[in-house]
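Following: one structure in structure tokens, then a few remarks.
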Number of protein chains: 2
Amino acid sequence: MINRSSKNPLGVTLLIQMNPIPMATTDTYYFPIPVNVDEKMMQQHFLSDLSINSVLFSYHEERLHVLLLRLATSDHFMLPGGFVKKEEDLDDAAMRNLKEMAGLDQIYLEQFYVAGQTGRAYDPMARDALNKFGLKKIEKWLSDRKISICYYALVNSPELQLKVNEAIISEARWVPVEELPPLLFDHKMIIDKAIGRLQLDMDRKVISTYLLNETFTMPELQKLYEAVYQQKLTRSNFQRRMLNLNILDRLGKRNDGGSHRAPYLYRFKPSKIEMNLN
Amino acid sequence: MINRSSKNPLGVTLLIQMNPIPMATTDTYYFPIPVNVDEKMMQQHFLSDLSINSVLFSYHEERLHVLLLRLATSDHFMLPGGFVKKEEDLDDAAMRNLKEMAGLDQIYLEQFYVAGQTGRAYDPMARDALNKFGLKKIEKWLSDRKISICYYALVNSPELQLKVNEAIISEARWVPVEELPPLLFDHKMIIDKAIGRLQLDMDRKVISTYLLNETFTMPELQKLYEAVYQQKLTRSNFQRRMLNLNILDRLGKRNDGGSHRAPYLYRFKPSKIEMNLN
DNA sequence: CCAAAAGTGTTCAACCTACACCCATGC
DNA sequence: GCATGGGTGTAGGTTGAACACTTTTGG
């Protein structure tokens with residue numbers, strides 16, 4: 001288990017271990033930009049007007065992070081995403097995309113927005129960067145693409161193994177939400193909306209569990225809330241509020257740590273996960 | 001102004017005055033089922049994987065109503081909707097659709113859901129009804145159609161003039177949400193989600209004004225809330241809550257009515273409309 | 001003057017906030 | 001013991017539910 005002590009965090013590598021895998025025949029369409037892709041097959045099997053973008057949230061080092069990909073030809077970042085097969089449920093497509101790209105499975109996934117502005121694909125910054133790949137079909141793709149269904153996902157471990165085409169994506173990293181780098185397209189706006197929705201959902205549903213280890217201390221839970229809402233909370237009141245919700249099991253065990261009273265370990269009551277509050 | 005007295009409602013006709021207009025060249029694509037439509041033109045100008053469905057809400061006779069259309073070949077109803085032009089923002093498409101169909105303009109419109117299940121077009125009931133039109137292209141349309149972006153709209157007057165193809169839509173009516181008839185496709189589920197979202201939004205934003213006349217009495221406002229939330233509220237507490245929000249102007253004027261104390265008239269403060277609460 | 005409907009006040013409980021205090025632990 | 005950090009208690013304010021009371025109006 002990762003030691004989350006504030007004084008001496010274990011130092012999870014921000015830079016994700018990338019494990020590039022050569023682009024294969026069918027399973028390559030999960031990447032948001034269809035480079036080196038059989039266009040015919042694309043048209044035949046995928047919905048052409050739609051794409052999916054996913055905002056992956058992870059919580060570590062006491063901060064809320066978002067997974068971002070950097071285009072090899074740019075210093076700008078973008079969100080991961082993919083396409084929807086013709087005979088595939090939207091939610092399934094989003095899930096498949098995350099599984100193919102990052103091996104993620106059974107994570108919390110929520111659709112929160114549809115980006116439908118016509119102008120959204122026409123970011124000149126993105127155009128320039130993509131044109132550097134020298135591929136004609138990207139030009140076409142940019143002018144064709146229209147609607148993006150946006151999901152956010154909760155990931156409880158920052159240690160991912162990404163499968164991306166290294167020629168296109170040169171870097172993938174968890175970035176703290178307070179320190180977002182320049183982003184392509186309308187992805188900044190999408191992330192902002194995702195954070196807003198995450199804040200709403202944290203208030204209404206028992207979803208913190210998807211961002212934490214199975215057991216955690218009360219201060220750890222509080223720091224998660226502070227990271228998501230970007231504000232300090234009063235310790236004693238936070239504790240009472242959480243306990244009064246009656247969604248936590250206190251485990252007799254205690255952490256062993258520094259020179260101070262040992263905190264209790266808590267766990268979300270299994271029956272209460274997926275429950276709505278209020 | 002419509003007399004909303006509970007004892008003797010004026011009796012707005014539930015059945016909408018339909019004013020059928022012959023299908024013209026371009027402006028006919030607003031109807032959710034492309035019958036008698038130039039398929040080539042459709043493919044050329046519209047996004048093929050998407051449709052829009054709109055849940056129109058109206059409040060009258062102390063009840064929340066939804067606008068439903070009945071297929072001529074069925075006793076089932078469906079939601080109005082339309083398609084998205086290739087170079088058109090999603091929100092604009094939804095607005096254009098309502099303007100073309102019902103002459104509505106500058107109304108409150110909110111996107112709330114995306115219906116993305118593959119099975120959603122395969123309602124056998126709908127298939128049967130549509131096949132009765134004897135048109136081959138409907139079969140194709142049913143197997144092609146995939147994703148529906150769902151909007152809800154707030155309409156403050158039930159008196160609409162609909163433009164629909166009478167050969168296909170034989171009836172259009174405002175139906176109280178507690179008395180929904182059998183619906184085609186997944187439209188029942190979509191309406192339920194729309195109501196849930198409307199309830200959330202009524203709590204968070206100043207949108208009641210889009211369902212009422214410009215001026216109204218406190219009991220009228222309360223009845224709107226009771227219709228939306230499907231539950232009785234305590235009169236005195238409702239009044240205090242609304243006044244404490246500080247979003248209402250009390251107009252000195254009073255209603256003239258029955259043998260009882262005359263209520264004040266209120267109006268939403270213009271500056272507070274579109275404001276978020278909480 | 002009475003019934004009916006609208007507006008106002010009062011009480012009580014629940015909850016939130018701030019802050020003080022107590023407990024456990026390693027040095 | 002004492003600094004540090006986790007856990008609990010308490011006083012004051014706010015909010016909302018329930019319900020009683022007052023005001024206005026037509027008959």
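Only this structure's heavy atoms are used, side chains among them; waters, hydrogens and symmetry mates stay out. Throughout, a chain's letter reflects where its sequence line sits, starting with A, and its residues are numbered from 1. Just so it is clear, the structure is predicted and the values come from calculations on it, not from any experiment.
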*From C:dG7, D:dG6, C:dA4, pick the nucleotide closest to the side chain of B:His260?*
C:dA4

_ring-ring contact (aromatic ring centres under 6.0 Å, His included) partners for A:Tyr225, two or more places apart_ = A:Phe238

*If only atom types and distance count, is the side chain of A:Tyr229 paired as donor or acceptor with the main-chain N or O of A:Gln199 below 3.5 Å?*
yes

Identify each donor-acceptor pair in which a side-chain atom of residues 242-249 of chain A lies under 3.5 Å from a protein atom, sequence neighbours left out, and give them as a table.
unit_1, atom_1, unit_2, atom_2, d
A:Asn244, ND2, A:Arg240, O, 3.4
A:Asn246, OD1, A:Lys269, NZ, 3.0

Which pairs, protein N/O on one side and nucleotides 18-22 of chain D N/O on the other, fall under 3.5 Å?
unit_1, atom_1, unit_2, atom_2, d
D:dA18, N7, B:Asn237, OD1, 3.4
D:dA18, N7, B:Asn237, ND2, 2.8
D:dA18, N6, B:Asn237, OD1, 3.1
D:dA18, N6, B:Arg240, NH2, 3.4
D:dC19, N4, B:Ser236, OG, 2.1

*Just how far, in rounded Å, is P of C:dT17 from CG of A:Asn244?*
13 Å

*Grab the CD-P distance between A:Glu220 and D:dG7 for me, whole Å please.*
11 Å

*The side chain of A:Arg241 lies closest to which of these nucleotides: D:dT4, C:dA4, C:dC16?*
C:dC16

_Residues that A:Tyr266 engages under ring-ring contact (aromatic ring centres under 6.0 Å, His included), provided they are two or more places apart_ = none

*Let me know the distance between CZ of A:Phe238 and C1' of D:dG7, rounded to the nearest Å.*
14 Å

_Closest to the B:Leu243 side chain, choosing from C:dG7, D:dG7, C:dT8_ = C:dT8

_Distance in angstrom units between B:Leu248 CG and C:dG7 C1', rounded_ = 14 Å

*d(CE, A:Met242; C1', C:dT17) in whole Å*: 16 Å

*Residues two or more places apart in sequence or in another chain: which of them pass ring-ring contact (aromatic ring centres under 6.0 Å, His included) with A:Phe268?*
A:Phe216

*At under 4.0 Å, does any side-chain N or O of B:Gln239 touch on OP1 or OP2 of C:dA6?*
no

_I need the OH-C1' distance between A:Tyr264 and C:dA24, as an integer number of Å._
10 Å

_I'd like to check the side chain to side chain donor-acceptor pair (under 3.5 Å) partners of A:Asp201; sequence neighbours left out, ordered by chain and number._
A:Tyr152, A:Arg197

*Distance-only, no hydrogens or angles: does the B:Trp174 side chain make a donor-acceptor pair with backbone N or O of B:Pro158 under 3.5 Å?*
yes

*To the nearest Å, how far apart are B:Leu233 CG and D:dA17 C1'?*
12 Å

_In this structure, how many angstroms lie between the P atom of D:dG6 and the CD atom of A:Gln222, rounded?_
9 Å

